[in-house]
Structure formats: structure tokens, C-alpha cells
Amino acid sequence: MPAITLPDGSVRRFDGAVTGTTVAAAIGPGLARAALAMKLDGKLVDLSTPIEHDSSLVFVTRKDEAALEMIRHDAAHVLAEAVQALFPGTQVTIGPSIENGFYYDFARNEPFTPEDFPAIEAKMREIISRNAPFERSVIDREEGIAFFAAKGEKYKAELIQDLPKSETITLYKQGEWIDLCRGPHMRGTGDVGNAFKLMKVAGAYWRGDHRNAMLSRIYGTAWRDQKELDAYLHMLEEAERRDHRRIGKDMGLFHMQEEAAGSIFWHPKGWKLYRAAEDYMRRRLDEGGYQEVKTPQLVDRALWEASGHWEKFREHMFIASVEDEDKLLALKPMNCPCHVQIFRQGIRSYRELPLRMAEFGACHRYEPSGALHGIMRVRAFTQDDAHIFCTEDQIASETVRFVALLSSVYADFGFPTFRVKFSDRPATRAGSNETWDKAEGALREACATAGVEYELNPGEGAFYGPKLEFVLRDAIGRDWQCGTLQVDFVLPERLDAEYVGEDGARHRPVMLHRAILGSFERFLGILIEQYAGRFPLWLAPVQAAVATIVSDADDYAREVARRMQAAGLSVKLDLSNQKINAKVREHSLQHVPVIAVVGRKEAEQGTVALRRLGGEAQELLPLDEAIRGLAEEATPPDLRRAKTSP
RNA sequence: GCCGACGUAGCUCAGUGGUAGAGCAACUGAUUCGUAAUCAGUAGGUCGUCAGUUCAAUCCUGACCGUCGGCACCA
């Protein structure tokens, strides 16, 4: 006699065991139609699950977020059935729902191509229109293994093999097709609906391990209805327009070419942007108590051997040599060993700690070819790197200080929010458990003090210490680690850094490796996408275009441009004999934030007509006033703060 | 690195086993015009590189380089 409590607080009693289906039907035909699954005592389960005890019950309908995930998961099953129907001999492996959709990994000698999609999609629609119910059954472990092995599904058999002994092994049957699955599922294949689309094929390693076989993965997207699907596809198109590679080309910011794969040719406009960011960072670091240094690009292998990089990182290092000398030099992949060398010069006192050593350090890493991505993942990049030499007791306060600086920098660049990951001790690590306890504790405490919320990234810390990763998202929805803070007990030891303490004895400092932008290249890539090339004035490579309407205004336009430049603005003078419409269009496409239009009227009055990018309004201002306003607006945020708060 | 796709003019792209086209951009000329494309003309390409097949390859095959999408990697 289960009593079922519904979300509105009402209680319904039934004689004997019931299922979600019968409860929904008892409540009303509308709900019976809409209910796809249910949350039984908070746990998402099939609607057909028997309810034997008193429970709380919430029905899941298409409106719920949980439904979206089920649609995607069920779509993956439908995809798998379709593929096996069309391509006999293909083995199924796993197929989860993911952000925006789903995928399914298949084992097949010949990989799929996008040309296969129309046939697969048609078969999927057929399966969906059949609306076969998803039927759950429990199977004995050994039987399950035998069942899939007999079908030639060795991946499924392996999956069961590796499930914990305590796990109940369940199968889901849709029509004649059966898959190993934990569930839950909706009522039947028809609940998937038709708002789905296969998106791309890709290779993926079995169980994500590159030593395993390469499977053939099909990605799809699925939504509640056509409107949502269309909106998603539209969003993808929009994202493509923001892609930094596209904008970088269109605006002439940089280019890359095959003779220097993974390195960037910065063009004048792109370099202007780069320098605006660098100048800004330099001021923030100066103000933040950092000392800037510059260390060598080429360093003898002896130092890399001492630091441990030669052993652990060598395949990622560019090695250089000269004919006359029997030496091997490496282009530095990191700055830390060099910074320790500076620290080691002379005798350091505890009074100097925390010592914050910063460098815009140009590094080279031989990244795998498949990892390269625009200017976000390159082989030559410049980190806004710094190492803070401090005592263990200073870790927490330095972290708080760093997070405050990082938040302020991100906010100034237009990123009010960001994600933080906390990576704690990995399985293989250096240092004692006590040391790790201390380091992780200090980081946690610092996060609490700084009000930073993080997600735990268990076991993903560096071998030398725990770390915080600060993650920003690009236009296509990919996450990129930019900032980082890593606690390191190992390198000071290996490279023999020490200071004289208050007690007169020698001690090891702790090193905090930290970066805010991460690399200028990656950060600028994300910045370009964040603004879609429409930068605020302080970052815009060309801040204003001065465009004439008639050639009679040329002399005055030159004067306008000259005076704007004198005020520190970056100006493009356009005296070409095109119509003003064409000029406005051209500079707008180049994302120039301000167009100063001058014609006869402005020349006579000593004014300019300002037009903002994307807007239609014109603002007619006396030249002096216009320049004052623009110069003020072009002031970087940190300098503006310095001005207003004496 | 692995799986797949792709590489044609500065850009976006079309095209064919018989050595290539469009639009925009560029250049020249005309036009002097009030806020997102004025008109006309000219020039521009070893069809990613190297091999192979063929009487003949941009097209077919192979290798390599690079780019793109994933996977793995990102100390």
C-alpha cells in the first residue's frame, strides 16, 4: 500500500505496487501523455519502475532539464541501433549524452564519414517513428558476458567484466535491439523526437587511452524541439564568426604559415593589441610588488638535467647545437629554472621573502601536431610568468593576493567570471604527505579567504605540488586554462635554492609558479573571441578612423588625425576618393570603434562627427572636446583608477 | 602522435584526365558624393610539396608538409 507524495505536497495511496505509468494515469491523461520518466525519492528512474514503498515522486516531462539529457542518451541508443542495422559487423561500445548532444563510439574497420549521415539519420527517424518501448531487464553477470561475447560484442563483454561486483547489470531492449545500459530511459524511442542532427565523425581511443584501439565516434546534437535545435545551430554559426582565426585574418592582426608551424607572425595591428595587453600587465605587476627580469632563451642541457626537465620533458623541447662546440642547448620550455638561477645569485635573506620574480618569458615547446589550434595552442609563446619565492607560512597570503590581482585583471579585460579548478595530489608525486597536506590546506584556506569557488580536479596536480587552474571559455565553447597557481616544493630542492632564516640557518623556500593570462597568445585569442573583434577603446589596435566626405576637407582631416595622434590615439586617416558610405562600411568591417567623419561643415566649424561602431547615431563635437573624450575613454582601466583615486 | 576531412588568385569559393574561372580586394582612370558597397578598365595562379600512373595530371595513386574537427597530450 504505497503512499506517494507529489511535489505539491498531496499524497496518493494505492492498493499494492504501482509504476510511474499507472500513477500518472491516475492523476490525469495529460500527465500520462507528458510524463517521460520520474524522480523517485530524488533518483531519476524509468517510468515503468515499480513503486513498492512510500515514496516522493516528481514526474519528468519534456520541459525539464533532466529530459534533455534523457533525449540525448536515448538518441545515442537510437543511433547505435541505426548504425548496426545499416553496417552489420559494427560493434557498439559506449554512447553517453554530453553538453549539447551525444555521441556513440563504434568499432568498425572502416570509419564512418559524413556521407553516411543522411542514411543513418533516416534510419534513426524510422526507429523513432516505430516508438518501440525501452524495456529494462536485469541479467546475471556471467550470462551478460556470455550474451555479448556470443554476439561478437567484445567491448560490451569487457565493460561488464570490469563493472564492480556489486553492480546490478541491466539491459535495455528497444524493439529487437538490445544494449548494455545503466539507464534510465524514457518510455520509448518515439520520445527522442525529431530535433536531432548528426554533426561530425571523429576518432577516439577505447577508454580514452592512446594505447588502445581507435574507435569511430559519431557526434550528434539533440534538443526538445526544432526551435531549440535551430537556435543551437544558429549559435554555432555565430560562434564561427567570432573565431579568432577568422577575425585575426579579417582584421589583419596576425598570420601563421607552414614554415613556422605553431608560431605567430604578428602584424602591426595585432602587435598593437599585444602591446596594449603587455603594457597593462607590466603596470599591474609593478604595482603588485613584482620585479621583472629577463632570462636566456638558450640554456645548456646541464641546467635542464638538474631541474628534471631533461628527463621528464625532453620530447617537448627544441634542442639546438652548433658545429664547433660539443654542447647541446635547449630553447627554454619554461622560465622557472632560470628564475631560480637569479634567486641563487648571492645570499638571500628571509627578509627578502616573499620575492616575486616576473618575466614575460618567451618559451618554446614541441607540442604534438594534433594539439595545435590557431593562436591558442602554439609552439612558441610568451607567458606572463612569475615565481614567488616564499615560506610555507606565506603560501596562503600570497595566494589570496594573487587571486585578487587575477580577478581584477580578468575584470579589466572584460571577463567578470571564470572557472577555477583545484587539482590535488596525483598518485605519483614528490614530497611527503605532510607537505602535501600543508600545501593543499594552504590553497584551500586561501580560496576560502579570497571567496573563490572551485571544482575539485582530483589527482590532477603537478607531481611537485597542488595547483589552481583558472579557466576561460572560447567562442566555440572550448575551455582553456589561462591563469594558474602551482605550489612547488621540488624545484627549490633540485636547484638548491635557499635563504638564511631568522634563526641564521639555511632554509628552502617554496616556489609558487603563477600566471594570469597564461600565455599572451592564448589569452589574446580568447580576448578576440570575447569581443568578436570589437574591442574597447583601450585595446583597439586602431582606435579611430578619420574619414573625409570631400577632398576639400583633406587638410583639415590631416590636422584632426595629427592632433588625435598627439593625444596618444591610434588613428587611421582615410582620404581616399570613395563615398562616405563605403568608408563607413570598410572601417566598420575592420571593427574600428570610432569613425570621425569630416566634411566641409566640420572643416569650417572645427568640429568632427563621431560615429560609434555598430551605431547609427552621430555626435557632432568641437575637435578639442572630441579628442579629450576619446583620450579619456582610451585610458586603460588601471590608469583610469589611478587618476580618479588619488 | 592517432582517426577523419581538407589544401585552386590577397580573401571567399566554383571547376575539369587535354596546363583554370567568379565575386570581393589590389592597381589605373573617371566620379567630390553627408554615415555599412560609385562606375569603367587592368593586372593577378608551377592549382600545398615531392614522387608515381598516363601520350597528357590541378584532377587518379602514394609519401610528406600544413590546416580543420575530434581523441590522446597540455609536466
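Naming: A, B, ... by sequence-line order, numbering from 1 per chain.
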Classify the nucleic acid contact of [X] as base, sugar-phosphate or nothing, counting any heavy atom under 4.0 Å across all strands shown.
| X | result |
| --- | --- |
| L589(A) | base |
| Y103(A) | nothing |
| G308(A) | nothing |
| P111(A) | sugar-phosphate |
| G374(A) | sugar-phosphate |
| H587(A) | nothing |

Response to the item:
Partner of C47(B) under the Watson-Crick or G-U wobble criteria, both distances under 3.5 Å, comes out as none
Worksheet, complete the sentence: U28(B) -> Watson-Crick or G-U wobble partner, both distances under 3.5 Å, gives A40(B)
Worksheet item: Hey, is the side chain of R365(A) pairing donor to acceptor with the base of C73(B) inside 3.5 Å?
Response: no
Worksheet item: Relative to the 5' end of RNA chain B, which residue comes earlier, G370(A) or S551(A), by the nucleotide with the nearest heavy atom?
Response: G370(A)
Look at the side chain of [X] and decide which nucleotide, out of [options], has an atom nearest to it.
| X | options | value |
| --- | --- | --- |
| L372(A) | U67(B), U35(B), C71(B) | U67(B) |
| I549(A) | G34(B), G69(B), G66(B) | G34(B) |
| K249(A) | U35(B), C71(B), C11(B) | C11(B) |
| M214(A) | C2(B), C71(B), G34(B) | C2(B) |
| N581(A) | G70(B), A37(B), G69(B) | A37(B) |

Worksheet item: Quick one: is C73(B) close enough that its OP1 or OP2 comes under 4.0 Å of any side-chain N or O from Y366(A)?
Response: no
Worksheet entry | Polar contact flag, side-chain donor to acceptor under 3.5 angstrom, E153(A)-Q84(A) | yes
Worksheet item: Are the aromatic ring centres of Y155(A) and W206(A) under 6.0 angstrom apart?
Response: yes
Fill in: E121(A) side chain to L198(A) backbone, donor-acceptor under 3.5 Å
yes
Worksheet item: Within 45° of the ring axis of Y205(A) and under 6.0 Å from its six-membered ring centre, is that where the NZ or CZ of R207(A) lies?
Response: no
